Amino acid sequence: MPELPEVETIRKQLSQNIKGKIIKNIEVIDKKLAKSIKKSINNSKIKRLERYGKAILIKLSNKNCIGIHIKLTGQLIFMPKSKKDKLFSIAGVKQILPNKYTRAIIYFTDGAVLYFNDIRRFGWIKIDSCRKLQQDGFFSNLGPDALKKTLTISYFSNIIKSSKSSIKSLLMDQKKISGIGNIYANDALFLAGVHPKRPAESLSKQEAAKLYQAIQHVLKKGLKYKGASEINFVDIFGRPGEYQKHSLVYGKENNPCPKHCGERIKRIKIAGRGTFYCPGCQK
DNA sequence: ACCTAAACCTGGGCGC
DNA sequence: TGCGCCCAGGTTTAGG
């Protein structure tokens with residue numbers, strides 16, 4: 001599922017493959033995407049790629065920016081100029097691009113192509129001046145990034161101390177901390193031994209510190225395995241991530257606890273989302 | 001300030 | 001075979 005490690009995997013790969021290229025044009029296939037495209041990007045050069053929470057921001061040479069959020073089922077697939085046929089393997093399935101889920105296509109002047117595929121059409125592309133885009137409701141409301149130095153232990157302890165909501169909801173609240181979604185929230189809480197329904201303010205200083213470390217640990221592990229492909233996440237070369245093979249509790253209902261406490265993983269709902277935890281280890 | 005539920009979408013899995 | 005139903009989750013919005 002696209003959370004911080006998945007999006008960061010894409011950002012890094014894109015940075016290595018499209019930085020410096022010049023955009024020829026963008027073809028928007030899904031009309032839903034067209035509304036948020038406010039500037040022309042033709043003939044602009046890719047200067048740098050940044051990640052804001054679970055979104056990617058592509059900075060162009062003419063002070064315009066492309067913001068992309070792949071939400072649940074989006075894919076960015078890169079076709080290098082050397083690849084003459086359009087046959088491509090996505091998660092092991094050979095197919096011709098564009099396919100029926102291709103919602104937009106960016107063409108580069110050197111012949112390379114970037115496909116934006118999205119089964120459920122939740123994802124978005126926003127194109128505007130960088131200044132306006134960063135004032136947009138999504139970008140301007142993000143809390144510090146879960147893997148950057150701006151998320152200090154003291155900031156983290158503070159938001160925990162001052163929140164009555166469940167600790168899991170807090171971890172997933174992008175306004176407070178950006179980048180954590182359902183999979184990594186579940187696993188981090190398990191590692192830290194904290195019950196997901198605990199009111200955040202009830203955590204001790206020690207528990208908050210342990211949770212902070214657990215978050216760093218699971219996100220780095222996610223990066224190491226190039227993301228989790230529970231739904232249909234793939235990298236820009238169409239390859240799935242591996243984290244789902246190493247997740248601790250997410251999706252493991254009824255499995256024995258990975259810490260061998262003798263209990264089985266339970267599944268409950270918090271804010272409408274599937275939540276997995278070990279009743280033996282998480283208090 | 002906090003919660004929940006519904007909406008946005010579609011494919012896949014299930015029961016019948 | 002196929003229909004209807006539920007489920008998945010990132011984010012926004014509406015309502016309590």
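Residue numbering restarts at 1 for every chain, and letters A, B, ... go by the order of the sequence lines. This one's a predicted model, so the numbers in the text were calculated from it and none came from an experiment.
Residue Lys100(A) is in sugar-phosphate contact alone, with no base atom involved, counting any heavy-atom pair closer than 4.0 Å across all strands shown. Within 4.0 Å (heavy atoms only), Arg273(A) reaches at least one base atom of the nucleic acid. Using a 4.0 Å heavy-atom distance criterion, Ser178(A) is classed as making no nucleic acid contact. Nucleic acid contact for Ser166(A): sugar-phosphate only, since backbone atoms but no base atoms lie under 4.0 Å from a heavy atom of the residue. Across all strands, Gly274(A) comes closer than 4.0 Å only to sugar-phosphate atoms, never to a base (heavy-atom distances). Among the heavy atoms of the strands, none lies under 4.0 Å from Lys168(A).
Residue Gln174(A) places at least one side-chain N or O under 4.0 Å from the OP1 or OP2 atom of dT11(C). Within the 4.0 Å cut-off from OP1 or OP2 of dG11(B), at least one side-chain nitrogen or oxygen of Tyr101(A) is found. Under 4.0 angstrom from either OP1 or OP2 of dC9(B) there lies at least one side-chain N or O belonging to Lys32(A). Residue Thr73(A) places no side-chain N or O under 4.0 Å from the OP1 or OP2 atom of dT10(B). Between dT10(B) and Arg121(A), a contact under 4.0 Å exists linking OP1 or OP2 to a side-chain N or O. Ser165(A) has a side-chain polar atom (N or O) that falls below the 4.0 Å cut-off from OP1 or OP2 of dC3(B).
The distance between the ring centers of Tyr184(A) and Tyr243(A) falls below 6.0 angstrom.
The interatomic distance linking Tyr250(A) (OH) with dG10(C) (C1') rounds to 12 Å, in whole Å. The interatomic distance linking Lys269(A) (NZ) with dC7(C) (C1') rounds to 7 Å, in whole Å. Note: CG (Leu33(A)) to C1' (dC9(B)) measures 13 Å, nearest angstrom. Regarding Gln75(A), its CD atom lies at a distance of 15 Å from the P atom of dT10(B), rounded to whole Å. What separates CG of Asp118(A) from P of dC8(B) is a distance of 16 Å, to the nearest Å. Whole-Å rounding puts the Ile180(A) CD1 to dG10(C) C1' distance at 14 Å. Taking atom NZ of Lys126(A) as the reference point, atom C1' of dG10(C) lies 12 Å away to the nearest angstrom. Residue Lys161(A) contributes atom NZ, which lies 15 Å from atom P of dC2(B) at whole-angstrom precision.
Hydrophobic clustering of Ile, Leu, Val, Met, Phe, Trp and Tyr side chains at less than 4.5 Å, counting indirect connections, keeps Ile58(A) apart from Ile105(A). Hydrophobic cluster membership differs between Leu133(A) and Leu33(A), with clusters built from Ile, Leu, Val, Met, Phe, Trp and Tyr side chains linked at under 4.5 angstrom. Using a 4.5 Å cut-off between side-chain heavy atoms of Ile, Leu, Val, Met, Phe, Trp and Tyr, with links allowed through other members, Leu191(A) and Leu189(A) fall into the same hydrophobic cluster.
To the nearest whole angstrom, the two P atoms, one in dG11(B) and one in dT11(C), are 22 Å apart. Between the P atoms of dT1(C) and dT10(B), the separation comes to 24 Å (whole Å). Comparing the P positions of dA6(B) and dC5(C) gives a spacing of 16 Å, expressed to the nearest Å. Nucleotides dC3(C) and dC8(B) have their P atoms positioned 24 Å apart, rounded to a whole Å.
Atom CZ in Arg121(A) sits 5.5 Å away from atom CZ in Arg103(A) (nearest 0.5 Å). If you take CD1 on Ile180(A) and CG on Leu151(A), they are separated by 7.5 Å, rounding to the nearest 0.5 Å.
Between Gly227(A) and Gln244(A), the shortest heavy-atom contact is O-OE1, 4.0 Å.
Side chain of Ser163(A), nearest nucleotide from dC2(B), dG10(C), dT11(C): dC2(B).
Judged by closest nucleotide on DNA chain B, Ser169(A) is the one of Ser169(A) and Ile119(A) placed further toward the 5' end.
dC5(C) is paired with dG13(B) under the criterion used here, namely a Watson-Crick or G-U wobble arrangement in which both key atom distances are under 3.5 Å.
Residue ring and nucleobase are stacked for Phe122(A) and dC8(B), with a centre distance beneath 5.5 angstrom and an angle between planes beneath 30°.
DNA chain C lies under 4.0 Å from at least one heavy atom of each of the following residues of residues 65-72 of chain A: His69(A), Lys71(A), Leu72(A).
Here the two cysteines Cys261(A) and Cys278(A) have their SG atoms 2.5 angstrom or farther apart.
A donor-acceptor contact closer than 3.5 angstrom links the side chains of Asn117(A) and Thr102(A).
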